[in-house]
Amino acid sequence: MGEEAPEFRVDRITLGSKDCQQNAIVVGDKTYVIGRTDDDSKSTFGIKILDKLTQTWIMPTVLGAQPPSKSHSAILVNEEKILVVEKGISLNDSIWFLEIDTPFVKKQRKIKGSEVVSWSKGVLGVAQKPVVISGPSGVGKGTLIAKLMKEYPLKFGFSVSHTTRSPRVKEIDGVHYHFAGRSKMEQDISEGEFLEFAHVHGNLYGTSIEAVESVTDEGKRCILDIDVQGARSVRASSLEAKFIFVCPPSFEELEKRLRARGTETEEQIQKRLRNARAELDQSNSPGLFDHLLVNDNLESCYENLKKLLSLNDDHKDSDGCFIEDGKATACYSILSKTESEVFLQSETGEVVKGAASLLAVDLSSLTGGAPGRTRGLKIHSINSIDNGLKGIR
Ligand SMILES: Nc1nc2c(ncn2[C@@H]2O[C@H](COP(=O)(O)OP(=O)(O)O)[C@@H](O)[C@H]2O)c(=O)[nH]1
Ligand SMILES: Nc1ncnc2c1ncn2[C@@H]1O[C@H](COP(=O)(O)OP(=O)(O)O)[C@@H](O)[C@H]1O
């Protein structure tokens, strides 16, 4: 956004047609026009950018699922993102961010060589962070994840990666992996469809944005089984995740498991074992993994994994929302902004259960963010103490 401080100005232009509402947000030399345009058949949430210096309109590539194109209000949160609040839908679905210069958007802009913006959805309450599970081939990652998904099918969802490797006998396309051709996968990567990718054991593997988005859209906690390079890429991105590395009790045991699985040729086993040494070395990289789990006895390792994910005590997930009825239709619009908060006011005076007519969105809670990366938003009612609301930090 250049050297200058961004200009924090918000204009709302309501264009002539009754079904057409656009907001213009000025950021330095650019004006972002965000708006709904209706024709007879469909309603779209268009984004265009006016470059003040060249006096030209730029039509950016828009990544991520878009808001449901209702009436909205918008405000610049900081030089990275614009907050968009939709009206006439549930409060749970009404808070969105248009990322204009987040690290993810910068990276995608570089990959595509053209202007990119990206939508991400705000989720009330502290959403459960995705879980990245890495470890050498044969250590038991797949086995542990399968146990978790079996025990908690409603809580967790698996991020189905793309790979150029051939399917194993029992693997199903679209369930275990999306088995893809190299050129198509490379093309999709260059078009910004992937969150991360890496060359592993001679094949290309990657996590598409869609893979994560489809899990988080279902309200489930996303599990990513990716290699150490992928974990590093995710760690360097703005995605907030929990990073777990699974270690074997010994190298000999790892080799034994790989052979017993019987899914690789001798040559592939040798390659995987060579790579395992490097991966085990990297597991101690400072700041990369949050937890190391030794998979010796499967059952006790699984219990330890559950502990790390706060599953085997009576701990309720901390993704609860203080708004008791976040599903009820709401009509909040942006009132004003301070350094740390954006205030939303009920337009109709009607409030959803557990909320107040004035809400404050805590800007310090805006972590994570890119397509599919639903964020944990902290929102509190201004008269929260009187209401006896819970879950407010
Ligand atoms: N970076 C990255 N690694 C992946 C992805 N999907 C799988 N992997 C990793 O690729 C490696 C090989 O996976 P796979 O061929 O299924 O063999 P396995 O680990 O022996 O079961 C493992 O370390 C996986 O964690 C992905 O989307 N991105
Ligand atoms: N704790 C364990 N003890 C013995 N065998 C295990 C254990 N965990 C997994 N296995 C076996 O080791 C093999 C490799 O496990 P898998 O889950 O496919 O590893 P990864 O997904 O890490 O490559 C499988 O045959 C699995 O049944």
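When a ligand or atom number is given, it counts from 1 through the structure's own listing order. All heavy atoms count here, side chains included; hydrogens, waters and symmetry mates do not.
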Report yes if some N/O of N295 lies less than 3.5 Å from some N/O of ligand 2; otherwise report no.
yes

Under 3.5 Å, N or O to N or O, is R261 touching ligand 2 that way?
yes

Donor + acceptor pair across side chains of R232, S285 (<3.5 Å):
yes

Just to be sure I'm reading this right: ignoring hydrogens, which of D225, N275, L195, V160 gets closest to atom 8 (N) of ligand 1? Compare them by their nearest heavy atoms.
D225

Measure the acute angle between the ring planes of W96 and W119, then classify it against the limits of 30° and 60° as parallel, tilted or perpendicular.
perpendicular

Consider every N or O of H201 and every N or O of ligand 1, then say whether any pair is closer than 3.5 Å.
no

Using a 4.0 Å heavy-atom threshold (strictly under), name the region of E264 that reaches ligand 1: side chain, backbone, both or neither.
neither

Residues R272 and E279 bridged, charged N to O under 4.0 Å
no

Min N/O separation D225 to ligand 2 under 3.5 Å
no

Which protein heavy atom lies closest to atom 16 (O) of ligand 1, and at what distance to 0.1 Å?
Y177 OH, 2.5 Å

Using the ring of F251 (Phe, Tyr or Trp, six-membered ring only), decide whether R277 places NZ or CZ under 6.0 Å from its centre and within 45 degrees of its axis.
yes

Hey, does A260 come in under 3.5 Å of ligand 2, counting only N/O atoms on both sides?
no

Inspect the contact between E266 and R259 and indicate whether a charged nitrogen and a carboxylate oxygen are less than 4.0 angstrom apart.
yes

Nitrogen or oxygen of E253 less than 3.5 angstrom from that of ligand 2:
no

Looking at side-chain heavy atoms only, is the closest gap between R257 and N295 below 4.5 Å?
yes

